[in-house]
Each structure stands twice: as structure tokens, then as C-alpha cells.
Amino acid sequence: MPVSTFGMGTGVNPNLSRQSRRLYIGSITPDINEQNLTDFFNSKMKEMNLGTGAPGNPVLAVQCNYEKNYAFVEFRSAEDATAAIAFDGIIFLNGPLKIRRPKDYGGPDMLANMHVPGVVSTNVPDSANKIFVGGLPTYLNEEQVMELLSSFGELKAFNLVRENGNGASKGFAFFEYVDPSVTDVAIQSLSGMELGDKYLVVQRASVGAKPGQSPIPGMFDAAPEIPKPIMPVGERDLEATQDRILLMLNMVVPEELADDQEYADIYEDVKEECSRYGEVEDMRIPRPVKKDKAKWGEGRESALAAQRADEAAGVGRVYVKFFDPRSATAALKALAGRSFAGRSIIATLLADDANTTPPLNLIFAPQPDAPPPLPQD
């Protein structure tokens with residue numbers, strides 16, 4: 001039976017009881033609707049055994065506002081709503097859900113303390129282990145930045161700061177690890193790393209920072225040392241891994257992939273280099289969508305929409321699938337931190353069934369042997 005939705009004529013001062021049962025869901029996409037959002041919360045809360053556990057479904061109603069890209073979810077109890085906050089950052093329909101209390105919530109500021117494994121919260125509270133990273137190229141999206149940061153440990157929370165909440169990246173983010181002991185290792189390894197034409201600025205956020213540490217800095221006064229290669233934690237784990245897909249970031253930018261000849265040259269260079277470490281089964285370098293001014297227009301909003309479409313398609317990444325996992329491991333060790341077109345390569349390994357955006361089955365979908373032509377939108 002279809003889920004009921006909220007009426008638009010709510011009072012100016014809703015009662016506290018109802019507000020304590022409601023949650024705000026930000027940055028929703030057109031693919032999200034009242035029914036699938038309801039089904040998602042109901043199934044996930046039962047699966048993770050969150051909330052009161054009472055018979056029936058925890059979600060009573062949902063309202064979506066597509067003009068402002070948000071939704072409200074009403075639960076049957078305040079306890080269920082509080083428990084559902086633990087899903088802040090969970091991936092739904094290829095994007096993270098941003099879950100918050102409503103602005104007019106007047107109850108106690110009580111957040112769920114539990115960390116749901118595999119869920120990275122979008123809310124990074126002030127603490128001694130809250131980390132700031134600046135100098136990020138604005139073409140990197142949330143998942144690409146998180147892939148880099150996750151090289152040092154599982155993320156507990158992450159927030160890439162964007163214009164007006166869901167516009168272009170401002171080039172900096174805040175994050176925190178599940179294991180606080182990796183905080184200093186990550187800061188030391190990432191600080192000064194070259195990405196594109198910028199250098200990363202990484203340190204504890206000013207609130208709760210260690211004594212003697214300065215607030216968030218601007219730019220470096222001098223060029224930093226060459227950074228160390230970035231690879232997944234624990235080289236001993238690499239020797240036993242069965243992951244055979246090499247994912248490389250910060251290697252190509254959309255502008256280089258638009259021209260057919262330049263794309264073909266890059267494709268052949270990368271394939272030739274990777275073949276040094278073992279036989280390559282398949283390789284994909286997603287290309288940007290060719291912009292049709294009649295459809296996209298020329299305004300700022302159109303440019304942002306086109307950028308988001310490219311991000312969703314994996315543009316800016318290089319995927320190399322080897323026949324043998326040992327070849328992928330050898331390529332990772334050799335290429336992580338190497339320079340390509342003046343950029344320091346970020347590399348990691350993926351399993352064939354890894355949950356990525358876009359999905360790997362779409363990335364490696366069958367196609368002709370020749371490099372793919374520039375897609376038309």
C-alpha cells in the first residue's frame with residue numbers, strides 16, 4: 001500500500017512530540033520518492049535492529065520537496081527517530097543521505113552514539129580527532145576524496161563542503177576516523193601531498209586541536225617535500241589480497257579526455273605502463289559527456305549539472321582490471337605516488353564485487369575493442 005505523505009498545511013509551531021519524531025533528509029535526488037525512502041528506512045532499521053523493535057514499520061509518513069531537494073521522514077516514536085540518525089551518510093540510490101534534526105526541533109540535542117559499520121556520517125562533530133583537509137581540487141567528488149582518506153583507516157564521518165550545500169566543491173572537507181589512533185598517521189602522510197596544481201593542507205580542526213597546534217592555515221609558505229606514495233593500509237594485507245582491479249585517481253582531468261586523439265594517447269600510455277606488471281584483462285577511462293548547449297544551456301546551474309553528471313559516470317578515474325591479483329598488487333606498489341602529467345597518482349585496489357559509484361558492472365560493461373567515442377547526451 002502506498003505510503004501516506006505529509007499535508008502542506010502544518011501549523012506554525014508543531015508540537016514537540018511530533019518534531020521529536022521527524023528527521024530532515026537533505027540533498028535528495030529526483031530518483032528518491034516517498035515510497036522508496038520509506039521502504040529503505042523500514043528495511044534498514046529492521047536489518048540493523050535499530051529503534052524500539054516494536055511490531056510494524058517504524059516510518060509513518062514521508063514528504064519530499066523536489067524544488068529544494070529535501071525530505072521529511074516521520075517515525076512512530078522519538079526513539080526510532082533518534083536511532084535513525086545513525087544512518088546519516090548511508091548510501092541510497094548512488095548517493096549519501098544527509099540526515100539531521102528539523103530546525104524547529106526543541107528537544108534535547110541527543111544523537112545516536114552507535115556507529116553503523118560501513119556507514120560514513122555526513123556530520124563531523126567537533127572533537128580532538130576532527131581533521132581538516134584543504135587544497136582539494138574542486139573536480140573531486142565525495143567518493144573520490146573518501147577513497148583517498150580511507151587509505152589510512154575506516155572513516156567514521158566525512159563532509160565535503162560545497163557552495164550552498166549541494167553546489168560546487170569549495171575545495172576543503174572535514175573528517176574523522178573510526179580508530180582515533182590513525183589520525184596522526186593520516187595527517188602526517190597527507191600533509192603537503194600534491195593534487196593537480198595544489199598541495200593538501202591537513203591538520204586537526206581548530207576546535208579541540210592538540211595544544212600548540214595553530215588554527216586552520218591558509219597556504220604553505222614554501223613548497224613541501226615530495227609526498228609518500230598513498231596505498232591501502234598494511235602492505236602485508238596486499239600480499240594475500242584477491243582484489244584485481246586497480247583504481248587510480250588524480251591521474252586524468254575531464255579537459256584532457258574531451259579530444260579524441262588526446263584521449264587515445266592517454267589510453268594507450270596507461271595501458272602500456274600497466275601491462276608491465278601483468279596481463280590486463282580490461283581497462284576503462286570514463287569520458288565526460290559532450291555538452292549540447294541546446295540541452296544544457298550556458299548558465300552556472302547547467303555547468304554544475306553537467307559536472308555532477310560527469311562525476312556520477314566516474315570521469316576522472318582510471319580502472320584497470322588484471323587477470324591476476326598479484327599483477328594488480330605489483331602495479332599498485334609501482335604506480336601509487338608516481339607522477340602522471342604533473343599529478344601525483346592516488347591508487348587503491350577494488351574487488352570485482354566492490355560497492356562503488358558508479359557500479360563496476362557499468363564501468364566494465366561490454367563495448368568494442370577500440371577506446372569508446374565521446375558520449376553524446
Side-chain angles (χ1 to χ4, degrees), residues 29 94-95 135-148 160 162-163 166-171 194-199 245-275 280 282-321 331 335 338-348 350 356-377:
T29 66
N94 294 330
L136 294 167
T138 55
Y139 56 79
L140 294 181
N141 63 17
E142 282 82 356
E143 188 173 358
Q144 291 171 320
V145 179
M146 288 169 65
E147 282 170 343
L148 167 61
L160 178 66
R162 291 183 174 273
E163 297 280 357
N166 60 358
S169 167
K170 288 188 174 182
E194 184 179 2
L195 287 183
D197 59 350
K198 298 182 178 181
Y199 294 100
I245 299 174
L246 176 67
L247 170 63
M248 291 180 284
L249 308 177
N250 198 43
M251 195 174 190
V252 294
V253 294
E255 293 75 18
E256 298 172 342
L257 306 175
D259 180 79
D260 288 347
Q261 185 57 53
E262 189 171 4
Y263 176 87
D265 291 342
I266 291 173
Y267 188 94
E268 291 304 320
D269 286 347
V270 175
K271 189 170 184 179
E272 180 181 354
E273 180 63 28
C274 288
S275 296
V280 173
D282 200 353
M283 190 182 88
R284 302 297 170 95
I285 306 177
R287 300 187 72 181
V289 172
K290 189 173 183 178
K291 309 303 184 293
D292 183 346
K293 291 182 180 179
K295 294 182 179 180
W296 290 93
E298 299 183 9
R300 180 175 177 272
E301 293 300 320
S302 298
L304 287 176
Q307 179 182 339
R308 286 299 181 89
D310 286 344
E311 290 175 356
V315 175
R317 305 180 182 190
V318 176
Y319 300 82
V320 185
K321 182 187 291 186
L335 299 177
R338 282 262 300 272
S339 177
F340 185 86
R343 294 179 290 271
S344 183
I345 298 172
I346 304 166
T348 191
L350 299 174
T356 65
T357 303
L360 290 176
N361 65 321
L362 295 182
I363 290 294
F364 289 105
Q367 66 175 33
D369 291 336
L374 196 65
Q376 300 285 335
D377 182 68

Do [X] and [Y] come within less than 4.5 Å of each other through their side chains, counting heavy atoms only?
X	Y	value
Leu140	Ser169	no
Met283	Tyr319	no
Leu257	Tyr267	no
Thr138	Arg162	no

Inset, instruction - Please report the closest heavy-atom contact between Gly314 and Pro286, naming both atoms and the distance. - result: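 Heavy-atom minimum between the residues: O-CG, 3.5 Å.
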Let me confirm one number: the [atom1]-[atom2] distance from [X] to [Y], rounded to the nearest 0.5 Å.
X	Y	atom1	atom2	answer
Met248	Cys274	CE	SG	4.0 Å
Glu147	Thr348	CD	OG1	7.5 Å
Gln144	Arg317	CD	CZ	4.5 Å
Leu249	Leu148	CG	CG	7.5 Å
Leu350	Lys321	CG	NZ	11.0 Å

Legend entry - Side-chain donor or acceptor of Arg287 paired with backbone N/O of Ala258 under 3.5 Å: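 Flag set: sc Arg287 to bb Ala258 pair under 3.5 Å.
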Legend entry - Contacts of type side chain to side chain donor-acceptor pair (under 3.5 Å), residue Asp265, not counting sequence neighbours: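 By the side chain to side chain donor-acceptor pair (under 3.5 Å) rule, Asp265 matches Gln261.
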Inset, instruction - Only counting residues at least two apart or in another chain, list the ones meeting side chain to side chain donor-acceptor pair (under 3.5 Å) with Glu256. - result: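 Testing Glu256 for side chain to side chain donor-acceptor pair (under 3.5 Å), a comparison that skips the adjacent residues, returns Arg343.
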Inset, instruction - Can you sort out the partners of Glu273 under salt bridge (Lys or Arg N to Asp or Glu O under 4.0 Å), two or more places apart, ordered by chain and number? - result: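 Counting only residues at least two positions away or on another chain, Glu273 forms a salt bridge (Lys or Arg N to Asp or Glu O under 4.0 Å) with Arg276, Arg338.
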Inset, instruction - Determine, for Phe364 and Arg284, whether the Lys NZ or Arg CZ falls below 6.0 Å from the six-membered ring centre while staying within 45 degrees of the axis. - result: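 Judged by the rule, Arg284 and Phe364 form no cation-pi pair.
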